[in-house]
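Counting from 1, the numbers follow the sequence of the chain as shown. Note: hydrogens, waters and symmetry copies are ignored here, and every other heavy atom, side chains too, is used.
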Amino acid sequence: MIYLNQAATSYPKPQRVLNAHAESLSIIPSGQFRSSSDTVGAEDLFTKCKKNLGKLLGIKNTERIYFTSGATAAANAIIQGLNLKNTQVVTTATEHNSILRPLFNLRGEQGVVTVVPCDKNGYVKPKDIEQSLTTDVKVVFVNHCSNVTGMVQNIEEITNIVHEKGIPIIIDASQSAGCLPIDVDRWGIDGLIFTGHKSLFGSQGTGGYYVKETLALKPFMFGGTGYDSSRIEYDESFYEFEVGTGNMPGIIDLDAGVSYILDKGIEQIQKEERAKMKKLYEGLEKLKKVIVYGNYDTNLGPVLSFNIAGLGASDVSYILQNAYQIITRTGLHCAPLIHNYLGSGEKGTVRVSISDLTKESDIASFLEAITDIADSVEGL
């Protein structure tokens, strides 16, 4: 079986992640501030992982990184934690439903959600964001890398524009963390959302977010932390954002994935993935019946979408899996608004996505399969 659905969940994982996962269930249970075993020897596992994430993502104050069950929980923690009553929020047409749905379902507390359009490749013009920034805007949410087209937004430029208006910006790096360079502190990002199970090579059920101290955020979930149990009622001077028992095995896996990326180097990973994506684009663009959304020169992430004229996206994916044993993803990819600009319709696209561990032979086999399918349609 060939797996080309890395944008959903990465597979296979680096060997060190597999080893870490096995070992995580055989060591003494640990958690932040919850066990005497946490004080023995090295720093606790959660802190260690945060420091490695800080190295990878350009975050100096790693104490402001908080773990969740994934990007959806992280996005909700930030959106629910901000006071958005009677305010305006700006976001883009490229966003995932983990951003769109919380913003549009705040039970009337939200004032207005302004959606900035994108072009046919999924690119959002920074000037369009600038024009949306009224005095009522409370916060801006921008997707770093589209999980549909692989388009990468110019976050540093957008952040500078937003900050000129005195507005904070939150970046969704679910699709880019681990495969594209990110520099949170240098770019001036106020908040970053990430997931562990994609390009960071962690397990499903891991992820988190970073927020600057200057971002006024209240927890929307309360419970035990093991840190300061004397406090029952919080005030503005003290909040805790990680409650309940953390996912220790998952954090161990995530740390192993991050260490793999740090050892290999994010630039090297990006270079190798770009070379593979070039072969995918060039191979698909040669086929008359294939419609590719975006192109290699503009869409820089390890993700692309396409359709075959005369076949539904779900039909193509079904044929790939059952006739060629190739797994892809089909549909709107939980990002419904971008398809209005791509021209990919209500049924969406076939998405193929790779990782650092995708083999060259997998790409060759995929292109052969698509050639067969496209030729069969052309012959009808």
Checking [X] now: which residues fulfil salt bridge (charged side-chain N to carboxylate O under 4.0 Å, His left out) with it, not counting sequence neighbours?
{"X": "E368", "value": "none"}
{"X": "K276", "value": "none"}
{"X": "D185", "value": "none"}

Fill in: Derivation of the side chain to side chain donor-acceptor pair (under 3.5 Å) call for D255 and N52
CA-CA 7 Å; D255 188 54; N52 278 333; 2.8 Å; yes
Do [X] and [Y] belong to the same hydrophobic cluster, where Ile, Leu, Val, Met, Phe, Trp and Tyr are linked whenever their side-chain heavy atoms lie under 4.5 Å apart, directly or via other members?
{"X": "V148", "Y": "L280", "value": "no"}
{"X": "F306", "Y": "L332", "value": "no"}
{"X": "I158", "Y": "Y341", "value": "no"}

Any side-chain heavy-atom pair from [X] and [Y] closer than 4.5 angstrom?
{"X": "V115", "Y": "L337", "result": "yes"}
{"X": "L300", "Y": "M277", "result": "no"}
{"X": "D44", "Y": "T47", "result": "yes"}
{"X": "Q270", "Y": "C179", "result": "no"}
{"X": "V116", "Y": "V142", "result": "no"}
{"X": "S353", "Y": "T358", "result": "no"}
{"X": "V89", "Y": "V137", "result": "no"}
{"X": "V90", "Y": "F141", "result": "no"}

Roughly how far apart are [X] [atom1] and [Y] [atom2], rounded to 0.5 Å?
{"X": "N83", "Y": "Q80", "atom1": "CG", "atom2": "CD", "value": "12.0 Å"}
{"X": "I2", "Y": "I326", "atom1": "CD1", "atom2": "CD1", "value": "4.5 Å"}
{"X": "L180", "Y": "R274", "atom1": "CG", "atom2": "CZ", "value": "9.0 Å"}
{"X": "Y324", "Y": "I319", "atom1": "OH", "atom2": "CD1", "value": "8.0 Å"}
{"X": "L53", "Y": "L254", "atom1": "CG", "atom2": "CG", "value": "5.5 Å"}
{"X": "I308", "Y": "I370", "atom1": "CD1", "atom2": "CD1", "value": "4.5 Å"}

Discussion item. Test side chain to side chain contact (heavy atoms under 4.5 Å, CB included) on I171 and Q153; report intermediate values, then the result.
Written reply: CA-CA 10 Å; I171 302 302; Q153 310 301 339; over 6 Å; no
Of the non-hydrogen atoms in [X] and [Y], which two are nearest, and what is the gap between them?
{"X": "F241", "Y": "L217", "value": "CZ-O, 3.4 Å"}
{"X": "G294", "Y": "Y281", "value": "O-CE2, 3.9 Å"}
{"X": "S98", "Y": "D172", "value": "OG-OD2, 4.4 Å"}
{"X": "P14", "Y": "L357", "value": "N-CD1, 3.7 Å"}
{"X": "A374", "Y": "V290", "value": "CB-CG2, 4.3 Å"}
{"X": "Y210", "Y": "I189", "value": "CE2-O, 4.0 Å"}

Practice prompt. Any chance you could lay out the side chain to side chain contact (heavy atoms under 4.5 Å, CB included) test for L133 and I167, step after step, and finish with the verdict?
Written response: CA-CA 9 Å; L133 301 177; I167 302 168; 4.0 Å; yes
Practice prompt. Could you go through the side chain to side chain donor-acceptor pair (under 3.5 Å) check for Y293 and N299 one step at a time?
Written response: CA-CA 9 Å; Y293 301 95; N299 296 48; over 6 Å; no
Any donor-acceptor N or O pair under 3.5 Å, side chains [X], [Y]:
{"X": "T159", "Y": "E156", "result": "no"}
{"X": "E164", "Y": "N160", "result": "no"}
{"X": "T349", "Y": "S344", "result": "no"}

Extract all donor-acceptor atom pairs below 3.5 Å that involve side chains of residues 68-79 and protein atoms in other chains or at least two apart in sequence.
{"from": "T68", "atom 1": "OG1", "to": "G70", "atom 2": "N", "distance (Å)": "3.2"}
{"from": "T68", "atom 1": "OG1", "to": "G70", "atom 2": "O", "distance (Å)": "2.7"}
{"from": "N76", "atom 1": "ND2", "to": "T72", "atom 2": "O", "distance (Å)": "2.9"}

Worksheet entry | Residues which pass ring-ring contact (aromatic ring centres under 6.0 Å, His included) with Y318, listed by chain and number, not counting sequence neighbours | none
Discussion item. Through direct or indirect side-chain contacts below 4.5 angstrom among Ile, Leu, Val, Met, Phe, Trp and Tyr, which residues connect to Y3?
Written reply: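 When side chains under 4.5 Å apart are linked, the cluster holding Y3 also contains M1, Y11, I327.
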Discussion item. Could you list the cluster mates of V303? Members are the ILVMFWY residues connected by side-chain heavy atoms closer than 4.5 Å, either directly or through other members.
Written reply: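 So far as hydrophobic clustering goes, V303 is joined with none.
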Discussion item. Under the criterion side chain to side chain contact (heavy atoms under 4.5 Å, CB included), I'd like the reasoning laid out for L18 against H21: C-alpha separation, chi angles, the key distance, then a yes or no.
Written reply: CA-CA 5 Å; L18 303 182; H21 184 73; 5.8 Å; no
Worksheet item: Is K50 salt-bridged to E242, going by a charged N under 4.0 Å from an acidic O?
Response: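 A salt bridge is present here (some side-chain N lies under 4.0 Å from a carboxylate O).
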Practice prompt. Check step by step if side chain to side chain contact (heavy atoms under 4.5 Å, CB included) holds for V352 and V350.
Written response: CA-CA 7 Å; V352 55; V350 182; 5.9 Å; no
Item to complete: Look at atom NZ of K279 and say whether more than 12 heavy atoms of other residues, nucleotides or ligands are closer to it than 6.0 Å.
Response: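 Atom NZ in K279 is not crowded, with 12 or fewer foreign heavy atoms closer than 6.0 Å.
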Worksheet item: If you draw a 6.0 Å radius around CD in E63, do more than 12 non-hydrogen atoms from other residues or ligands fall strictly inside?
Response: no
Practice prompt. Hey, could you give me each pair passing salt bridge (charged side-chain N to carboxylate O under 4.0 Å, His left out) that has a residue in residues 347-359? Not counting sequence neighbours.
Written response: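 Found K264-D356.
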Discussion item. Give me each pair satisfying salt bridge (charged side-chain N to carboxylate O under 4.0 Å, His left out) with a member in residues 12-21, each pair once, sequence neighbours excluded.
Written reply: R16-D263
Worksheet entry | Residue pairs, two or more places apart or on separate chains, that pass side-chain hydrogen bond (donor to acceptor under 3.5 Å, both in side chains) and touch residues 116-141 |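 Every pair satisfying side-chain hydrogen bond (donor to acceptor under 3.5 Å, both in side chains) with a residue in residues 116-141: Q88-T134.
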Practice prompt. Would you mind listing every ring-ring contact (aromatic ring centres under 6.0 Å, His included) that reaches into residues 164-194, with sequence neighbours excluded?
Written response: H144-W187
Worksheet item: What orientation do H339 and H333 show, parallel under 30°, tilted 30 to 60°, or perpendicular over 60°?
Response: tilted
Using distance only, find each side-chain donor-acceptor pair of residues 199-209 under 3.5 Å and give its atom names and separation, not counting sequence neighbours.
{"from": "S203", "atom 1": "OG", "to": "D253", "atom 2": "OD2", "distance (Å)": "2.3"}
{"from": "Q204", "atom 1": "NE2", "to": "T9", "atom 2": "OG1", "distance (Å)": "3.3"}
{"from": "T206", "atom 1": "OG1", "to": "S203", "atom 2": "O", "distance (Å)": "2.7"}

Discussion item. Evaluate S317 against T328 for side chain to side chain donor-acceptor pair (under 3.5 Å), listing each step before the verdict.
Written reply: CA-CA 6 Å; S317 189; T328 56; 3.0 Å; yes
Worksheet item: What do the steps show when you test Q325 against Q321 for side chain to side chain donor-acceptor pair (under 3.5 Å), and what is the final call?
Response: CA-CA 4 Å; Q325 289 75 56; Q321 180 164 338; over 6 Å; no
